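Each ligand, and each atom within it, is numbered from 1 in the order the structure gives. Note that the structure is predicted; figures quoted are calculated from it, not measured.
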Amino acid sequence: MRQATPTYEMLRAAFADADSDLPRYRVLYQAIRESILGHRLLPGTRLPSTRELARELGLSRNTVLSTFEGLLAEGFLSARAGSGTFVAQAAAAPRPRGRGAATGSGERRPGAVGTLPLSQRGLRLAEFRGGSRFEIQPLCGGDVDFTLFPIKQWQRLQSRQLRMARPELLDYAADGGYLPLRQAIADYVRVSRAVRGDVEQVIVTAGTQHSLDLCAQLLADVGDRVWVEDPCYWGARCIFESCDLKIEPVAVDGDGMNPATAPGASRPKLIYLTPSNQYPTGVPMSLARRRSVLELATRERAWILEDDYDSELRYSGRPLASLQGLDTEQRVVYLGTFSKVLYPGIKIGYMVVPAPLVEPFRSALYDLQRPGQLTVQGALAEFIERGYFASHIRRVRQAYAETRALLVDALQPALGDAAWISSQSAGLHLVIRLPDRFDDQRLAESAAAQGVRVSALSRYFIGAASASGLVVGYGYAPSEKVARCGRALAQLLRSAL
Ligand SMILES: Cc1ncc(COP(=O)(O)O)c(C=O)c1O
């Protein structure tokens, strides 16, 4: 006899709404499952027999049978011999409790971070929002320009790797990365950065953020102190926060981080440095300072994390040698990346770790990450081996030197005693220093109102800001647009000072 239950109505409606591309058993499965999870089919409800359901919905009995089997296996339904099929008692999702309970939609109300159901660490990270607030963007905004990157060559190398389809390149990346890439990196950093170490010490990662995360996890425990430069690279700070390390800001002066200003009792476990081009001030660390930090690390048995993020981009004089190359005590982990010089989304970086750390780092990388992307690593190895990397570096170095020169020319009318460029001629941004305590945040806001995107130097400080200025990005941007925005910025500076 025909059973006109609400179950049929519900299921018919589900069929009417269903995407016509979905197989019919999938529509029936979803309709029953959603009705149970949504409390429309309650635990204990008896479902019509498979024969009746098939007839009512115009489905084959096999379709209904296989749907029921799936739902029985997943615990949404239970079968009682001789009595039929029922909604299982444990199947329904718990009902949300109280008004305003989580809807499951992942809704986030801006400005209400403290009310989110996050861990203490999660709350700190959600508050931080570093990328959007601190990332140095080209001052002219709009579309970024990556036309310098030889995309055709890169495509050919990647396709070649995929065409060869070597099985070992489709596996996880063990042993710290693809050997030919590690070899190419070892040769490159030895020659161009005076880094000491052999191919075994090179570990390929998914970029510097990833390298820093591994270092923080393997070399420090919760609550250990990490000295960071003040002002500091926000990305590193964020990683250290996420590993529950105690961040100790140490002042940067014209020679780089000055350990003499660190709090007396502070004994660091990690010291994070950007010695070739301090981020964001653009100051290189002097040799005397490098020596004193190395001595301190040896004395305290601390690890130095040397973030050498953009050393290829130096526009006057020879590239500075790495700090790691001066280290005779194996206290430095050297971190490099292809993000700046190739393109940010490539997400390939590397570490050169002291020999005793090779095995622990390799195995932690494998266990924590299950790294892969060996075909991309293969393409990059070839890109370096064939000399394309070296010519690309020459090309970008020249192009960025020209863009920087155009920007400096455009800013010239505003420069003088009250505003001066304090960063070295390197990297993808420059720093205009302003008189101490000048309200650089207001100036950055006025620039933004005119479509010129600059960051206030004072915002990068962890402690009280001891300098005021503007951080002005010119990377990945067409030079004529950079020059135009530079002129607008110069006018703004002149009227503000
Ligand atoms: C100081 C510093 N280190 C490292 C990086 C690069 O990080 P990643 O390799 O994770 O892209 C950046 C990028 O902005 C940076 O500014």
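Side-chain atoms of Glu402 and Gln398 form a donor-acceptor pair, as typed in the model, at a separation below 3.5 Å.
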Indicate every side-chain donor-acceptor pair of residues 484-497 with a distance under 3.5 Å to a residue at least two apart or in another chain.
residue: Ser495; atom: OG; partner: Gln491; partner atom: O; Å: 3.1
residue: Ser495; atom: OG; partner: Leu492; partner atom: O; Å: 3.2

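With rounding to the nearest 0.5 angstrom, the CG atom of Leu470 is 10.5 Å from the CG atom of Leu139.
The cationic group of Arg331 lies under 6.0 Å from the six-membered ring centre of Trp303 and within 45° of the ring axis, placing it in a cation-pi geometry.
A 4.5 Å side-chain heavy-atom check between Val341 and Ile393 finds at least one atom pair inside the cut-off.
Under a 4.0 Å criterion applied to the non-hydrogen atoms of Lys347, ligand 1 contributes the atoms 8 (P), 10 (O), 11 (O). Below 4.0 Å from some heavy atom of Thr337 lie the following atoms of ligand 1, by number and element: 8 (P), 9 (O).
Protein heavy atom nearest atom 11 (O) of ligand 1, with residue, atom name and distance: Ser339 OG, 2.6 Å. Of the protein's non-hydrogen atoms, the one nearest atom 3 (N) of ligand 1 is Asp307 OD2, 2.6 Å.
Looking at Tyr233, Tyr350, Tyr279, Trp234 and measuring to atom 12 (C) of ligand 1, the nearest heavy atom belongs to Tyr233.
The shortest N or O to N or O distance between Gln209 and ligand 1 is under 3.5 Å. Where the criterion is an N or O separation shorter than 3.5 Å, residue side chain and backbone included, Tyr272 fails it with respect to ligand 1.
Qualifying salt bridge (Lys or Arg N to Asp or Glu O under 4.0 Å) partners for Glu200, counting only residues two or more places apart in sequence or in other chains: Arg362.
Only the side chain of Lys340 comes within 4.0 Å of ligand 1, counting heavy atoms alone; its backbone N, CA, C and O stay farther away. At a heavy-atom cutoff of 4.0 Å, ligand 1 is contacted by both the backbone and the side chain of Thr208.
When Tyr476, Tyr400, Tyr279 are each tested for a ring pair (Phe, Tyr, Trp, His ring centres under 6.0 Å) with His429, only one passes: Tyr279.
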